Every structure is written in C-alpha cells, then in structure tokens.
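Treat the numbers as computed from the prediction; the structure is a model and nothing was measured.
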Amino acid sequence: MAKRYYRKLARFPEGIDRLEAEVRLPVDEEQLERLLDYTFYAGDMKPTVGYLILKHGLWDEAMNIGRYGERRIAFRATWVLEWAYEQSAPDELPEWFADRMTDDFAASDNGSLHRVYAKMLCDMKRFGNYRPADGQAERLAEKCFELAIDPRTKTAVMFWCLEVLSELAPRLDWVAEELEETVRRISESPECTPGMAVACREILKRLSK
C-alpha cells in the first residue's frame with residue numbers, strides 16, 4: 001500500500017498547553033463544540049484544536065459536529081479535521097474513517113464539508129489508502145456528479161469532485177463515460193475560470209490514456 005506524504009509536527013502548536021489546561025479530560029463532543037465556537041482561538045484554532053483531535057482521537061466527535069453542527073461551527077470542525085488528517089499517517093486513522101467520510105459527503109448539503117472531504121477522499125484514493133465498497137463508490141460518484149453540474153457549486157468544490165471522479169473512472173465504466181462529457185461541458189461554459197479550464201484539460205488528458 002502506498003503511503004501518502006503527510007506533514008508531521010516539528011513541535012506542539014502554540015497554545016496547546018493552555019488549551020488542554022482549560023478543558024475537562026477526556027474531551028467529549030460537547031466540549032469540542034464549545035472550543036470550536038470560541039473566537040479567542042480563531043487565529044490558532046486549526047493547529048491547536050486539530051492537535052487535540054489527533055492526540056485524543058476525537059475523529060468521530062469532530063465528524064459529528066461537521067455533519068450535524070451549526071453551519072459556522074460545522075465549517076470549523078471540517079477545517080480542523082483536515083489539519084488532523086494531514087498530520088496522521090494512514091495507519092493512524094480509524095479503520096472506519098474513510099467509509100464514514102464517504103457516507104457523510106453523500107448525505108450532506110454543506111459546501112464546506114464537500115470541499116474538505118472530497119479533497120481528503122481524493123488523497124486517500126490516489127495513494128492507495130482507500131478502496132470504497134461498490135455501493136459506496138457508486139454513491140460517491142453520484143454525489144460528485146450532482147455537485148459538479150450544479151451551477152451553485154463553488155469552484156473549489158467542483159474541482160475536487162472532478163478529481164474524485166477521475167480517481168473512480170478506472171473502476172466504474174459509467175463514470176469514465178459521463179465524466180468526459182461533464183468536463184467538456186464545464187470547460188466550455190462562459191463561467192469556467194482559467195484555473196478550472198486548466199484542471200479540465202488535465203482530467204481529459206488522464207481520461208484519454
């Protein structure tokens with residue numbers, strides 16, 4: 001199994017000792033949600049709360065907040081979850097992590113969650129650390145197509161959805177067929193940004209191989 005590049009901490013994030021001194025251990029979901037609501041930690045929230053997730057294994061709690069929390073706090077939960085993921089080697093993540101992420105991605109209507117989760121799922125799939133079951137791969141592809149063709153979808157979300165689909169294309173024939181047409185339609189749209197146009201060309205190049 002390929003091991004993706006990940007960024008290990010050179011030192012503890014500033015403020016982590018103060019943060020751990022203020023929380024009641026073990027940290028539960030309610031405490032984590034309160035921490036994510038503190039504006040005081042806004043500047044260093046990602047590394048400090050992200051490290052708390054990593055150290056205390058708060059993956060499930062963070063994902064619950066990202067899926068069901070108030071929108072602003074849900075955004076922060078996925079934001080710090082991404083930091084914790086980037087600091088973790090693949091074998092340090094819970095076994096259920098990618099499956100849960102796929103299920104939440106498909107069920108959610110939160111654009112911030114879609115962007116972060118699609119990015120992480122693409123990373124795991126690309127480096128051989130995730131092979132979704134057939135049913136999950138289908139649901140993931142369907143949701144990515146749904147978002148990719150929705151004119152309300154933000155460019156960053158659309159980009160990562162197309163990247164996930166390009167990773168699924170070798171496995172699902174119908175994805176490869178529909179993806180080419182979808183990418184061409186997006187690239188020819190007047191609203192297509194220069195960056196998205198470049199991404200579309202790269203995806204079409206990969207599909208042609």
Closest non-hydrogen atoms of E29 and N64, given as atom of the first, atom of the second and distance, are OE1-ND2, 3.0 Å

The reported gap from CG in D134 to CG in L172 (rounded to nearest 0.5 angstrom) is 7.5 Å

So ring-ring contact (aromatic ring centres under 6.0 Å, His included) across residues 182-201, not counting sequence neighbours, yields none

Considering all heavy atoms, the nearest I65-A77 contact: CG2-CB, 3.8 Å

Determine, stepwise, if the pair K125 / L168 fulfils side-chain contact (heavy atoms from CB on, under 4.5 Å). CA-CA 9 Å; K125 181 74 173 64; L168 293 173; 4.1 Å; yes

Heavy atoms only: give me the nearest Q136-D99 pair and the separation to one decimal. OE1-OD1, 2.8 Å

Can you tell me if S187 uses its side chain to pair, donor with acceptor, with the backbone of R184 under 3.5 Å? yes

Are Y68 and V116 connected into the same hydrophobic cluster when the rule is that any two of I, L, V, M, F, W, Y join if their side-chain heavy atoms are below 4.5 Å apart? no

Check W59 against P94 and note the closest heavy-atom contact, atom names and distance. CD1-CG, 3.5 Å

To the nearest 0.5 angstrom, please state how far the CH2 atom of W96 sits from the CG atom of D60. 4.5 Å

Report the distance from atom CZ of R34 to atom CG of D28, rounding to the nearest 0.5 Å. 7.0 Å

Report yes or no: does E92 contribute a side-chain atom to a donor-acceptor pair with the main-chain N or O of A89 at less than 3.5 Å? yes

Is it true that E163 and R126 have a side-chain N and a carboxylate O under 4.0 angstrom from each other? yes

Taking every non-hydrogen atom, the tightest pair across K143 and S108: NZ-O, 3.3 Å

Rounded to the nearest 0.5 Å, what separation is found between the CG atom of L147 and the CH2 atom of W160? 15.0 Å

With L81, which of M63, E61, E86, K46 fulfils side-chain contact (heavy atoms from CB on, under 4.5 Å)? M63

Ion pair present between E202 and K205, side-chain N to carboxylate O less than 4.0 angstrom? yes

Determine, step by step, whether D37 and R76 satisfy the salt bridge (Lys or Arg N to Asp or Glu O under 4.0 Å) criterion, reporting the C-alpha distance in whole Å, the side-chain angles of both residues, the deciding distance to 0.1 Å, and the verdict. CA-CA 8 Å; D37 193 31; R76 291 182 174 186; 5.3 Å; no

ILVMFWY network linking I149 to L165, side-chain heavy atoms under 4.5 angstrom: no

Dump the intermediate steps for side-chain hydrogen bond (donor to acceptor under 3.5 Å, both in side chains) on T102 and Y130, then the final yes or no. CA-CA 11 Å; T102 299; Y130 179 46; 2.8 Å; yes

Parallel, tilted or perpendicular: which fits the ring planes of F105 and H114, with parallel below 30° and perpendicular above 60°? perpendicular

Inter-residue atom distance E138.CD - R171.CZ, 0.5 Å rounding: 8.5 Å

Cut-off 3.5 Å, side chains only: do D123 and Y85 have a donor facing an acceptor? yes

Report the distance from atom CE of M196 to atom SG of C200, rounding to the nearest 0.5 Å. 6.0 Å

Could you tell me which non-hydrogen atom of G66 sits nearest to which non-hydrogen atom of T78, and how far apart they are? CA-CG2, 4.1 Å

Indicate yes or no for a side-chain donor-acceptor contact from R115 to the backbone of A156 under 3.5 Å, with no hydrogens or angles considered. no

For the residue pair M124 and L121, establish whether any side-chain heavy-atom pair is separated by less than 4.5 Å. yes

